[in-house]
Amino acid sequence: MKLKTLSTVKITPKLLLNLIQLPFKKVEKPCIYCPGICISVCPTFINTGNLSLSPLGYSRYEDLGRNNCLKCWRCVSECPLSYPLPESYASEVKLTLEVLKKRETVLLSARNLDEKYSYGLSELLGTGLILINGLVERYDEGRPVNPSSLKRILRALKNYRKVYTISPESHHTLSVPLLIENLSGFSIRLNYNGPIHIPCLLLNREEKIIQALISIGVRPTKIIRDQCLKMEEPDGLSLCPRASMRNVKTIFDEILASLSY
Ligand code: SF4
Ligand code: SF4
């Protein structure tokens with residue numbers, strides 16, 4: 001538990017006891033019993049200092065969560081129970097696939113998240129292209145994924161020799177390897193020297209991603225971890241395709257530029 005958390009929430013023996021017992025109880029909303037171990041990483045709480053705009057508030061008042069939670073999933077990585085609070089605000093969503101171009105190696109594109117890049121990248125890299133529907137609903141509206149649809153998608157993706165993705169959301173839901181960690185396989189060299197922004201959903205892969213980028217010529221001068229794209233524009237090259245919607249340059253702009261010459 002982080003020191004920052006200890007200074008933010010009052011941890012009493014009763015609260016600790018509640019928390020320790022949680023894995024053995026059948027509870028639907030563990031946050032009700034929790035002092036908010038995760039709140040020190042919640043961007044809306046950090047920005048406002050308002051407990052209502054933290055996981056504690058969102059778990060108690062669904063409307064607040066639906067409208068204000070960024071669905072960035074930072075709290076889940078801090079939660080001792082990995083409770084997926086950011087997907088608890090609405091009804092299930094079914095994931096579906098559309099195969100746009102069949103090849104042994106395919107790029108998986110998330111509808112309304114990264115098409116701007118994935119169409120051009122699949123063309124220039126010579127890969128196939130598959131579109132996945134439903135992910136934006138999970139990460140923007142807080143809708144849990146229908147388990148059978150998820151199983152179907154995972155089965156369908158096994159038909160391809162290699163599948164890569166550029167959206168952190170596809171990687172997070174389906175564990176599909178990230179293109180940015182595998183650029184050397186496509187003989188890509190980049191010539192970027194400057195700050196790099198790590199998207200919330202990829203914080204746990206930071207080390208691997210940075211190593212992979214360094215191996216293809218990227219020279220990071222600073223790593224930006226604390227800026228959630230849904231709240232502010234990071235001041236560095238972003239590894240998230242969403243950044244382009246906020247007019248922030250992304251690594252995919254760099255890749256496309258390098259492939260176009
Ligand atoms: S998400 Fe986990 S750590 Fe955060 S308040 Fe809920 S139970 Fe506690
Ligand atoms: S998903 Fe992000 S904004 Fe929402 S409660 Fe968790 S940390 Fe806070």
Practice prompt. Assign the ring pair Trp73 / His172 to parallel, tilted or perpendicular, where the plane angle (0 to 90°) is split at 30° and 60°.
Written response: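 Perpendicular, since the angle between the ring planes exceeds 60°.
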Under a 3.5 Å distance rule, please check whether [X] uses its side chain to pair with a backbone N or O of [Y] as donor and acceptor.
X      : Y      : answer
Asn68  : Gly65  : no
Arg66  : Tyr89  : yes
Arg138 : Gly134 : no
Thr165 : Leu108 : yes

Worksheet item: Between Leu129 and Tyr119, is a side chain to side chain contact (heavy atoms under 4.5 Å, CB included) present by the stated rule, with each step listed?
Response: CA-CA 7 Å; Leu129 185 62; Tyr119 283 59; 4.0 Å; yes
Restricting to non-hydrogen atoms, name the atom on [X] and the atom on [Y] that form the minimum distance, rounded to 0.1 Å.
X      : Y      : result
Thr127 : Arg103 : C-CG, 3.7 Å
Thr105 : Phe186 : CG2-CZ, 4.5 Å
Ile214 : Pro220 : CG1-CD, 3.9 Å
Cys72  : Cys200 : O-CB, 3.6 Å

Looking at [Y] and [X], is any side-chain nitrogen of the basic one under 4.0 Å from a carboxylate oxygen of the acidic one?
X      : Y      : value
Arg111 : Glu98  : yes
Glu137 : Lys94  : no
Lys249 : Glu254 : yes
Arg143 : Glu92  : no
Arg225 : Glu206 : yes
Lys101 : Glu123 : yes

Distance check, rounded to the nearest 0.5 Å: [X] atom [atom1] versus [Y] atom [atom2]?
X      : Y      : atom1 : atom2 : value
Arg74  : Asp226 : CZ    : CG    : 6.0 Å
Leu213 : Arg219 : CG    : CZ    : 12.5 Å
Ile196 : Ile223 : CD1   : CD1   : 6.0 Å
Ile188 : Ile216 : CD1   : CD1   : 6.5 Å

Item to complete: Please step through side chain to side chain contact (heavy atoms under 4.5 Å, CB included) for the pair Leu95 and Thr173, ending with a clear verdict.
Response: CA-CA 10 Å; Leu95 299 180; Thr173 293; 4.1 Å; yes
Worksheet item: Is Lys116 atom NZ crowded by more than 12 heavy atoms from other residues, nucleotides or ligands, each under 6.0 Å away?
Response: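 Above 12, so yes.
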Worksheet item: Does NZ in Lys208 sit with more than 12 non-hydrogen atoms of other residues, nucleotides or ligands closer than 6.0 Å?
Response: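 No, because the 6.0 Å sphere around NZ of Lys208 holds 12 heavy atoms or fewer from other groups.
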Discussion item. Show, in sequence, the C-alpha distance, side-chain angles and deciding distance for Lys230 and Lys71, and conclude whether the side chain to side chain contact (heavy atoms under 4.5 Å, CB included) test is met.
Written reply: CA-CA 9 Å; Lys230 290 179 179 170; Lys71 292 92 185 173; 3.9 Å; yes
Worksheet item: Distance only, no hydrogens: is a donor on one side chain within 3.5 Å (strictly under) of an acceptor on the other, for Glu233 and Asn247?
Response: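 Side-chain D/A pair, Glu233 to Asn247: absent.
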Item to complete: Would you please say whether a donor-acceptor pair under 3.5 Å links the side chains of Asp253 and Tyr117?
Response: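 A pair is found: one side chain offers a donor N or O, the other an acceptor, under 3.5 Å apart.
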Worksheet entry | Derivation and outcome, ring-ring contact (aromatic ring centres under 6.0 Å, His included), residues Tyr58 and Phe45 | CA-CA 11 Å; Tyr58 301 149; Phe45 174 71; over 10 Å; no
Discussion item. Within the structure provided, determine whether Leu259 and Leu125 are in side-chain contact (heavy-atom separation under 4.5 Å).
Written reply: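 They are in side-chain contact.
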Practice prompt. Using a 4.5 Å cut-off on heavy atoms from C-beta on, say whether the side chain of Leu202 contacts that of His171.
Written response: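 Contact flag for His171/Leu202 side chains = yes.
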Discussion item. I'd like to know whether Ser52 forms a side chain to side chain donor-acceptor pair (under 3.5 Å) with Tyr61, so could you lay out the CA-CA distance, the side-chain angles of the two residues, the decisive distance to 0.1 Å, and finally the verdict.
Written reply: CA-CA 8 Å; Ser52 305; Tyr61 306 101; over 6 Å; no
